[in-house]
Amino acid sequence: MKNVIVLGAQWGDEGKGKVVDLYAEFADVVVRFQGGNNAGHTLVIGGEKHIFHLIPSGILHPQKKCVIGNGVVVNPKVLLEEVGRLKERGYLQDDSQLKVSHLANVIMPYHVALDVAREKKLGDGKIGTTARGIGPAYEDKVARVGIRVCDLLKPDVFGEKLRNNLEVKNFLLEKYYGAKPFEFSEVFDEYVSLGERIKVYVDDTSRFLESEMGRGAKVLFEGAQGAMLDIDHGTYPFVTSSNTTVGAFATGAGLSVKRAGSVIGVAKAYTTRVGGGPFPSELNDADGDYLREKGQEFGSTTGRPRRCGWFDAVVVRYAHRLNEFDGLAITKIDVLTGLPRVKICVGYRYEGKVLDSLTPEIDVLSQVEPVYEELEGWSEDIREAKEFDDLPKETKRYIRRIEELTGVEVVLVSVGPERNETILRKNPFR
Ligand code: IMP
């Protein structure tokens, strides 16, 4: 038995969806264990574009089971929208393909309203959240007042929890933020009915996974966001509200850490970030615009233009320290094609000294100056490359340099958006 955990090694949007989709072919079950519909995976298959926010991308493989674990915050409306879209396109014909943990916390409409109101109040100091209610939902989970998926299925329990929550949330929304409050009966009726509609997917997913693994199933764990957005280890407070690093797979799926197999980090061949917070290798120049336009760096969840910069080896090395990757998947390297020179950030200069490791304290990180190494670019079209040796020598040198600087072997290189535009150097399931 071998399991694989796929994690973001930067600030999210690394192209994990495509990597998960490729690896899913070798897995029996695909699991999400943290985050919510703040994530956005775009997949292009046969020219058809699929965007997922909540359901694991493995769902496009009809014989694979997909699990939304207890560590995820679930917006039932988004779940049903994705289910509907999948069914329309001929996927998810068998409802038993998808399981949602009965213990997952639910994103309620007041979470979304609070997320929006708080960001508005923060003004220029805002985090730049995805406005999906992620933070407020996790806050309620930790405050032990959250509504869980199992509660939605018991109207009496749900009603009491909702009433208690609305008392506080409406007070905050109305009196502090000057926003519209919620009507108990409207929310209650709507969410009882949503509960009825998602019931078919609700399960004890920890138990389900244990039983699948007992039968020898191979499990692929699909991380959302990236190491630099981790609530503990990221650029706090410009982070998401969950742990995006490796340990979360166990707590977020209800499994022992002993179930971990290979850990694969996904990094773009350059760097992007959405929202506020420090970003040492950011480019506010023509190269940054080039990366944004050519890489189509606009958020798949919010449509916001992403901030773009050179590959930051310090960031990925830090992600490696936290996760101990067994391999790196480098995505979107084709975006760099055509640049005469490419740069890699190899260290940071701070108060006259060069730091070669990262401290996520934002007062330091927002003042560091990147130290770059320059490499020759390439102009050949690389989208047809199937093997590492099909790549131009400059591209190979770039990848080898990433390996040297991060200390991780590059096991996959994505040379275009399509499933088949990929160089699979090593399969972590084998
Ligand atoms: P939240 O997760 O919506 O609370 O947003 C917090 C921070 O994480 C913001 O900077 C978001 O832009 C960022 N973020 C959340 N999810 C993603 C993602 O899937 N990709 C990239 N950034 C994300």
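Counting convention: from 1, in listed order, for ligands and their atoms alike. Small disclaimer: the values here were computed from a predicted structure and weren't measured.
- Using a 4.0 Å heavy-atom cutoff, Asp115 is absent from the residues neighbouring ligand 1.
- Between Phe158 and Phe188, the two ring planes are parallel [angle under 30°; tilted spans 30° to 60°].
- Distances from ligand 1 to the non-hydrogen atoms of Ala224 include no value under 4.0 Å.
- Heavy-atom proximity to atom 6 (C) of ligand 1, evaluated over Asn38, Asp13, Val239, is greatest for Val239.
- Stacking of Lys99 on the aromatic ring of Phe208 is recorded, both the 6.0 Å distance cut-off and the 45° axial limit being met.
- For atom 3 (O) of ligand 1, the nearest protein heavy atom (residue, atom name, distance) is Thr130 OG1, 2.6 Å.
- Listed here is the closest heavy atom pair of Gly58 and Ala24: CA-CB, 4.1 Å.
- The ligand atoms of ligand 1 that sit less than 4.0 angstrom from a heavy atom of Thr240 are 1 (P), 2 (O), 6 (C).
- The distance criterion of under 3.5 Å between nitrogen or oxygen atoms is met by Arg304 with respect to ligand 1.
- Under the 6.0 Å distance and 45° angle rule, Lys121 counts as a cation-pi partner of Tyr176.
- Counting non-hydrogen atoms of other residues, nucleotides and ligands closer than 6.0 Å to CD of Glu167 gives a total of 12 or fewer.
- Remark: ligand 1 and Arg132 share no N or O pair separated by less than 3.5 Å (distance only, no angle test).
- If you check which protein heavy atom lies closest to atom 11 (C) of ligand 1, you get Gly128 O, 3.5 Å.
- Ring-plane geometry between Phe325 and His320 is classed as parallel, the angle between the planes falling under 30 degrees on a 0 to 90 degree scale with a further cut at 60.
- For ligand 1, one of its N or O atoms has an N or O atom of Gln225 under 3.5 Å away.
- Here the heavy atom of the protein found nearest to atom 5 (O) of ligand 1 is Thr129 CA, 3.3 Å.
- The distance from ligand 1 to the heavy atoms of Leu229 drops below 4.0 Å at these ligand atoms: 8 (O), 13 (C), 14 (N), 22 (N), 23 (C).
- Ion pairing between Arg307 and Glu297 fails under the 4.0 Å rule for side-chain N and carboxylate O.
- At least one heavy atom of Ala39 sits closer than 4.0 Å to an atom of ligand 1.
- Close to ligand 1: Trp11, with a non-hydrogen atom less than 4.0 angstrom away.
- With ligand atoms numbered from 1 in the order given, ligand 1 contributes 10 (O), 12 (O), 21 (C), 22 (N) to contacts under 4.0 Å with heavy atoms of Val274.
- Seen from the ring of Phe184, Arg163 counts as a face-on cation partner, given the 6.0 Å and 45° thresholds.
- Atom NZ of Lys87 is surrounded by more than 12 heavy atoms from other residues, nucleotides or ligands within 6.0 Å.
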